[in-house]
Amino acid sequence: MHSLVSKRHAVSVAISLAFSSAAFAQSTPVAAVAPAAAASAPATLDKVVITGNPLGRSEIAAPVSVLTGDELTLRRGSSIGETLNGTPGVSSTYFGPNANRPVIRGLDGDRVRMLSNAGGSLDASSLSFDHAVPIDPLIVDRIEVLRGPGALLYGGSAVGGVVNALDNRIPSTRLDGLSGSAELRLGGADAERGGAALLETGNGQFGLHVDAFDRKTSDLHVPSFTPRADGEDQPETKRVRASASDTHGGAVGGSVFFDHGYLGLSVDTYRSTYGAVAEPDVDIDMKRDHVGVAGEVKQLDGPFTGLRASFNHTRYQHQEVDTGTGAVGTTFKTAGNELRVEATHAALGPVQGVVGLQVEDFDFSALGDEAFVPSTRTKRQALFALEDLAWSGGTLTAGLRVEHARITSDGDAADAAEPKFGAADARSFPVRSASLANVYKLTPTWSLSGSLSYTERAPTSFELYANGVHAATGAFERGDVNLGVERGNNIDVALAWKDDGNELRLGAFSTRFSRFISLEATGQQIQAEGDDGPESFPEYAFRAVRARLNGIEINGKQRLLRQDGWTLGLDGKLDYTRATNLDTGEALPRVAPLRALVGLDVDSGPWSGRLEVDGAAKQNRVPATDVATNGYAIVNASLARRFSIGNSDALWFLKLGNLGDKLAYSASTVQTVRDLSPLPGRSVKTGVRVSF
């Protein structure tokens with residue numbers, strides 16, 4: 001269920017290159033595109049989307065983008081955010097090249113749910129821009145992105161969307177024999193030296209998975225620019241300071257298979273040390289250890305026909321370390337568990353559906369003299385149901401989620417020299433979400449989809465209790481203990497066409513929040529103790545405002561020529577989100593502008609090539625406390641060749657990034673970092689992936 005089986009994985013990378021969409025994720029409301037095992041020519045097969053689709057429908061109303069196979073190999077970056085940036089509706093926080101979390105339709109932080117094999121990542125990446133996502137793209141088989149509210153199935157932290165990274169660490173399909181793959185990558189603007197390897201074996205009754213990865217990068221190379229820090233221009237440079245990284249990890253997992261299902265266990269670890277761009281004297285030392293259990297039973301008799309369950313235990317630590325003295329300023333720790341159960345019930349006439357429960361319980365602590373949030377504990381319990389009805393107007397899907405969240409703060413320690421957080425405190429939040437969606441086939445090639453949803457999200461511990469200087473972001477962050485539940489309504493409509501590999505999707509959405517929790521610069525400077533005595537820091541505060549986000553997403557691809565072994569294709573995407581603070585009439589902060597991408601692909605025998613232009617308009621719609629971000633047009637190119645090494649299949653690739661060495665900045669980056677970290681400059685990266 002969660003990943004490609006070993007033999008398909010072994011051939012998917014090198015045998016068929018779905019290169020006509022290598023510059024952006026296929027975005028359709030239907031099945032994902034995966035490479036087929038056909039050595040003579042590239043081909044594609046439909047594969048059912050997992051994320052937000054517990055009934056396994058071939059078509060769902062929610063817009064879903066998928067990266068897998070050769071397309072994923074060619075798009076991989078050093079982070080999930082970099083890998084997905086450019087997908088329709090998806091930008092990134094871009095806190096330098098390492099802490100780079102996806103932003104979906106202008107929503108970031110705790111509104112974008114990061115999943116690993118459909119289970120919660122349970123890290124702290126949503127709580128601050130400098131916290132990296134502890135999922136390495138090198139070891140991932142497939143990434144699915146659900147745009148728009150996924151709160152019904154995944155909780156309030158998915159009101160903006162869901163990113164699901166799928167691997168085969170717990171094999172979900174029988175393995176037979178030995179298979180594996182290895183990948184090596186060198187170069188790029190960050191001078192990457194990275195590699196990954198995995199082995200899988202099984203006898204039909206038992207399957208074993210082992211993987212490992214390692215990546216080192218140097219300070220990011222960019223076009224010549226003048227950094228601006230603490231309100232002053234710094235010396236001109238071609239490097240982003242404090243942006244190098246060293247990341248490694250691995251996993252061991254196995255499953256036992258029986259007649260109608262499986263039960264598996266995996267253990268994995270992730271370690272990363274990287275620079276904090278906003279503070280050159282601070283390094284981030286981050287680690288995550290995870291144990292996962294997952295299983296599924298199908299073809300049951302009685303009221304339930306299928307059962308899926310997963311349990312995840314995670315221990316996460318993030319330390320902010322002084323590079324000069326080695327002293328640890330702040331240690332963030334998260335330790336917690338997540339249990340998720342989904343049961344497919346027997347058909348009730350024309351109605352089919354799933355009911356489930358989800359329980360999360362995790363402790364968060366911030367230790368050290370520079371801690372700006374107290375230690376907290378968060379508990380969430382939820383019940384949900386999703387029901388399908390086939391009728392003359394298509395397939396109607398309705399869902400409901402009922403959740404309770406409780407956040408407890410320890411407040412200040414009894415011996416605190418400078419009280420910051422007050423007395424111990426606890427807040428409880430009842431949370432409700434509901435949705436209604438429909439997919440209607442107008443013709444065999446055209447479909448119309450739409451959805452309505454109401455979502456709620458409980459505020460996080462950061463949003464409630466933060467009060468102090470966050471060294472890694474260079475800002476004074478202030479929470480609001482009186483914040484209530486975030487509430488919003490969303491409508492999403494799309495018209496889609498698919499015919500013989502060609503496709504087009506025209507989508508629009510509108511989201512209105514009656515209460516939206518926004519992290520905004522107040523325009524005030526706060527005097528606080530810094531490394532060299534009292535310093536002045538810009539204040540950022542969490543505030544509840546009314547907000548509206550409207551947007552469009554257009555993407556498609558068209559085969560222009562297929563003749564004498566040559567294939568020529570054109571693809572592109574365009575997206576735009578207009579986000580407004582209705583209380584002030586100003587724009588919401590950190591929203592990507594109008595963006596467009598156009599690519600031309602050529603495929604001939606084992607060779608494939610691509611030329612693309614990736615552009616963004618100037619972002620003038622910013623709050624008064626921010627500044628406009630200039631637009632850009634970046635030209636990229638790539639070349640790839642499939643070949644064989646003995647009985648193994650291989651893919652070699654060469655990627656040329658930002659050919660014009662264009663200086664560009666991300667409008668979705670927090671301002672304290674934007675002036676310090678432009679987008680990558682001209683680069684050359686090469687790599688090879690071998691599968692057997």
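Using a 4.0 Å cut-off between charged nitrogen and carboxylate oxygen, Asp285 and Arg271 do not count as a salt-bridge pair. Under 4.0 Å is where a charged nitrogen must lie from a carboxylate oxygen, and between Glu360 and Arg113 at least one such pair does. Salt bridge Arg543/Asp583: absent, no basic N to carboxylate O contact under 4.0 Å. Using a cutoff of 4.0 Å between basic side-chain nitrogens and carboxylate oxygens, Glu342 and Arg308 are scored as salt-bridged. Of the charged side-chain nitrogens involved, none lies within less than 4.0 Å of a carboxylate oxygen, so that Asp363 and Lys333 do not count as a salt-bridged pair. Using a cut-off of 4.0 Å between Lys/Arg side-chain N and Asp/Glu carboxylate O, Glu144 and Arg142 are scored as salt-bridged.
Counted by atom type alone, Tyr94 and Asn85 present zero donor-acceptor pairs between their side chains at under 3.5 Å. At a cut-off of 3.5 Å, with distance as the only test, no side-chain donor of Thr378 or Arg380 sits close to an acceptor on the other residue. A side-chain donor from one of Glu520 and Ser518 sits under 3.5 Å from a side-chain acceptor of the other. Glu338 and Asn312 share a side-chain donor-acceptor pair at under 3.5 Å.
Counting heavy atoms from C-beta outward, Ser65 and Val90 have side chains that stay 4.5 Å or more apart. Within the 4.5 Å cutoff, the side chain of Ser428 has heavy atoms near those of the His404 side chain.
When ring centroids are compared, Phe542 and Phe462 stay outside the 6.0 Å threshold.
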For this session: Evaluate the side chain to side chain donor-acceptor pair (under 3.5 Å) criterion for residues Asp388 and Gln352: first the C-alpha distance (whole Å), next the side-chain angles of each, then the deciding distance (0.1 Å), finally the verdict.
Result: CA-CA 5 Å; Asp388 273 6; Gln352 295 180 305; over 6 Å; no

Exercise. What do the steps show when you test Leu549 against Arg578 for side chain to side chain contact (heavy atoms under 4.5 Å, CB included), and what is the final call?
Worked result: CA-CA 6 Å; Leu549 296 91; Arg578 182 182 178 90; over 6 Å; no

For this session: Tell me, with the steps shown, if Thr455 and Ser453 meet side chain to side chain donor-acceptor pair (under 3.5 Å).
Result: CA-CA 6 Å; Thr455 61; Ser453 62; 5.7 Å; no

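Between Gly96 and Val277, the shortest heavy-atom distance links the atoms CA-CG2, 3.9 Å. Nearest heavy-atom pair, Ser116 versus Ile135, reported as atom, atom and distance to 0.1 Å: CB-CD1, 4.3 Å.
Under the ring pair (Phe, Tyr, Trp, His ring centres under 6.0 Å) test applied with His131, the options Phe95, Phe332, Tyr274 reduce to a single match, Phe332.
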